[in-house]
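Taking it in order: structure first as structure tokens, then the write-up.
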Amino acid sequence: MKSPLLEVTDLKKHFFVHSGALGTGGATVYAVDGVSFTIDRAETLALVGESGCGKSTVGRCILRLFDITSGQVMLDGKRIDELSAGALRPFRRRVQVVFQDPFSSLNPRMRVRDILAEPIRNFRLATSRAELAARVDRLLEVVRLPRDAAKRWPHEFSGGQRQRIGIARALAAEPDLIVCDEAVSALDVSVKAQIVNLLYDLQQELGLAMLFISHDLAIVEHMTHRVAVMYLGKIVELAPKRALFAAPKHPYTQALLSAVPVPEPGAARQRIILKGDVPSPINPPKGCRFHTRCPYAFERCRAEEPALRATAGGHLSACHLHDLPAAQNPLAAAA
Amino acid sequence: MPLLEINDLQTHFRTPDGVNRAVDGVSFQMGEGETLAVVGESGCGKSVTANSILRLIPEPPGKIAGSIRFRGVDLLKLSDKEMRRVRGNDISMIFQEPMTSLNPVLTVGRQLGETLRLHQRVSRREADARAVEMLRLVGIPEAKRRLGEYPHQLSGGMRQRVMIAIALSCRPKLLIADEPTTALDVTIQAQILDLMKDLKAKVGAAIILITHDLGIVAEVAERVMVMYAGRKVEEAPVEKLFRTPRHPYTQGLFGAVPKLGSSLAGNLTKLAEIPGVVPSLKQRICGCVFATRCASATDLCRQSAPALELKAPGHLAACHFAPKEALAA
């Protein structure tokens with residue numbers, strides 16, 4: 001069997017924060033605490049969750065912008081989390097990123113041509129000047145920007161156009177996997193639709209794999225094949241898109257979906273309003289991390305951490321409720 | 001007499017490269033206890049409209065013209081001192097970013113009490129008692145202890161609750177909420193929206209809700225006003241606007257928003273795009289503001305600006321070609 005393009009196994013990333021006047025005190029932030037998933041070629045996996053759940057940290061670990069604390073990251077069957085900087089270079093080309101903020105992610109002192117040419121030169125993807133220029137032209141065409149954009153500066157473009165430049169730069173290295181870290185969150189509604197459609201088309205045309213990190217569930221539903229829901233550094237549910245949106249299994253996913261306001265006046269909806277705030281990842285709750293806000297929490301949830309395991313309908317879900325017989329199961333009663 | 005009546009509001013800013021017509025001739029009315037949503041994309045003038053009502057526009061470089069009648073009194077004619085009596089008392093405001101709109105060096109109790117002591121001339125003790133009551137009202141546990149805490153000790157959702165408590169502490173007739181939940185996570189947003197609906201029933205203030213999220217509009221508003229490039233392009237009761245949007249911009253906006261659950265209904269269609277970008281507000285636009293991006297624009301649209309017309313009962317739209325319903329019936 002062919003291995004998946006990306007395989008992440010039990011990924012952990014802990015940060016140590018210093019505190020106190022002398023920096024002697026400190027605490028550990030369990031930003032990502034045991035996350036496993038795979039992405040196949042030409043597949044889009046969404047990573048959703050609220051701020052502080054660790055979704056961006058996962059993305060950065062895959063890009064090796066951070067060294068990981070433990071676990072492993074395999075690209076095409078080869079571990080990349082241990083590689084030295086030099087040995088990593090060919091793999092860097094294969095995983096590229098599009099950031100959230102189209103203003104701070106482009107160097108204001110570089111023309112668009114140089115921004116796009118940099119990865120091509122860096123990875124020696126062009127053999128002559130003419131080929132380099134042809135590639136830049138082609139990239140602009142792919143992201144639907146006019147050819148004369150090449151000689152202009154980033155500040156001359158609107159937010160949506162800059163995001164197109166950011167996407168072109170990611171494509172310049174001819175990657176297999178693109179990490180989109182909230183790539184459309186900063187854009188206005190009408191422009192967001194343009195970029196969502198562009199990413200969707202590119203994914204189809206070029207057969208790219210994508211890790212789509214977002215907090216916007218409606219966009220995720222539109223863009224992706226599978227969805228992983230994160231809460232406090234863990235994946236609580238992972239399922240094919242349709243299964244997840246039709247029948248979420250984990251109480252957190254259910255609450256998250258029910259909390260999204262729907263643009264239909266008078267729509268009768270059962271909304272689950274969670275109490276309180278997300279606990280701090282410095283001192284995550286014992287047992288199930290969601291038990292402090294879960295409407296169905298019982299004794300076992302406070303003591304024992306649920307594992308992510310297969311449930312009905314192709315879902316992976318981490319919840320003790322799935323072990324209860326149907327008669328006592330509040331999830332079954334609610335469905 | 002309507003609670004608020006705005007006529008031909010024009011808020012312009014002088015900039016080194018020309019006058020920016022951020023709000024260019026906007027008129028609307030609001031009744032007591034009504035909830036009006038103002039929607040539009042960034043730069044459409046929705047926040048500037050809100051800030052103009054409270055005269056929070058620095059002059060110069062800004063300049064507000066037109067009239068803003070609040071219970072019959074034109075706010076633009078008041079002296080600064082008289083205006084200060086209106087702010088936070090008759091009309092109050094909630095901002096988007098609860099971290100920057102609270103003073104980081106004053107306790108929550110002090111900031112809540114300040115409004116009460118200033119406008120209602122109550123003693124410090126009474127102000128404290130009222131502050132505790134307000135914090136309870138907005139669902140903050142251990143209200144007494146929270147009075148002594150500073151904003152940085154609260155989470156984003158808690159801070160926004162404190163802002164709402166401050167805004168409502170003098171029982172205003174009108175509350176302006178400028179993207180009150182945009183900076184919050186979706187589960188916290190649900191809490192705050194729920195709280196606002198609940199408090200509206202209790203306090204009975206009229207609300208102007210400024211947002212770009214059509215989901216929130218559908219859930220909270222009674223009437224909706226759509227703005228584009230500094231002008232009002234459409235206004236209607238919320239069900240009507242969502243059922244039959246009449247302005248091409250509103251239609252485009254609805255098409256561009258993905259809906260949750262759409263993958264279940266059948267095959268996903270591509271999102272509708274509105275091509276192009278918002279025009280610069282520094283040049284005077286002769287025709288329809290949306291003509292450069294509108295699929296059905298003609299020479300007429302490019303030359304003459306369409307007036308806001310009644311297209312159906314209670315439904316205004318500024319478009320030469322938007323269909324009209326028989327109004328007699």
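The structure presented is a predicted model; accordingly, all values stated were derived computationally and were not measured. Letters A, B, ... are given to chains in the order of the sequence lines, protein chains preceding strands, and every chain is numbered from 1.
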*Leading residue by heavy atom contact count with chain A [cutoff under 4.5 Å; candidates B/Leu214, B/Thr187, B/Ile274, B/Asp194]*: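 Heavy-atom pairs under 4.5 Å are most numerous for B/Thr187.
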Decide yes or no for [X] and [Y]: does some side-chain heavy atom of the first lie under 4.5 Å from some side-chain heavy atom of the second?
X        : Y        : answer
B/Pro258 : A/Glu221 : no
B/Glu219 : A/Glu264 : no
A/His222 : B/Leu271 : yes

*Go through the atoms of B/Arg243 and report whether side chain, backbone, both or neither lie under 4.5 Å from a heavy atom of chain A.*
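Neither part; nothing is under 4.5 Å.
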*Which region of B/Ala272, side chain (C-beta onward) or backbone (N, CA, C, O), has a non-hydrogen atom less than 4.5 Å from a non-hydrogen atom of chain A, or is it both or neither?*
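Answer is backbone: N, CA, C or O of B/Ala272 sit under 4.5 Å from chain A.
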Is it the case that atom [atom1] in [X] sees more than 12 heavy atoms from other parts of the structure closer than 6.0 Å?
X        : atom1 : answer
A/Arg271 : CZ    : yes
B/Lys282 : NZ    : yes
A/Lys275 : NZ    : no

_Distance check, rounded to the nearest 0.5 Å: B/Leu260 atom CG versus A/Ile219 atom CD1?_
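B/Leu260 CG to A/Ile219 CD1: 11.0 Å, rounded to 0.5 Å.
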*Report the distance from atom CG of A/Asn197 to atom CD of B/Glu273, rounding to the nearest 0.5 Å.*
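Atom-to-atom, A/Asn197:CG and B/Glu273:CD are 4.5 Å apart.
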Residue [X] versus chain B: region with a heavy atom under 4.5 Å:
X        : value
A/Lys192 : neither
A/Ser51  : both
A/Asp201 : side chain
A/Leu257 : both
A/Leu274 : both
A/Val196 : side chain

*Given the options A/Ile272, A/Val220, A/Val260, which has more heavy-atom pairs under 4.5 Å with chain B than any of the others?*
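Looking at each option in turn, the highest pair count goes to A/Val260.
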*Determine the sole option in B/Val224, B/Val238, B/Val217 for which the side chain to side chain contact (heavy atoms under 4.5 Å, CB included) test with A/Pro265 is passed.*
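When side chain to side chain contact (heavy atoms under 4.5 Å, CB included) is applied between A/Pro265 and each of B/Val224, B/Val238, B/Val217, only B/Val238 qualifies.
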_B/Val186 to A/Glu50 - nearest heavy-atom pair and separation_ =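 Closest approach of B/Val186 to A/Glu50, heavy atoms only: N-OE2, 3.8 Å.
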*Do you know the tightest heavy-atom contact between B/Leu193 and A/Pro261?*
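Looking at all heavy atoms of both residues, the shortest contact is CD1-CG, 4.4 Å.
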*Judged by modelled atom types alone, do A/Ser190 and B/Glu41 share a side-chain donor-acceptor pair under 3.5 Å?*
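Distance-only check passes for A/Ser190 and B/Glu41.
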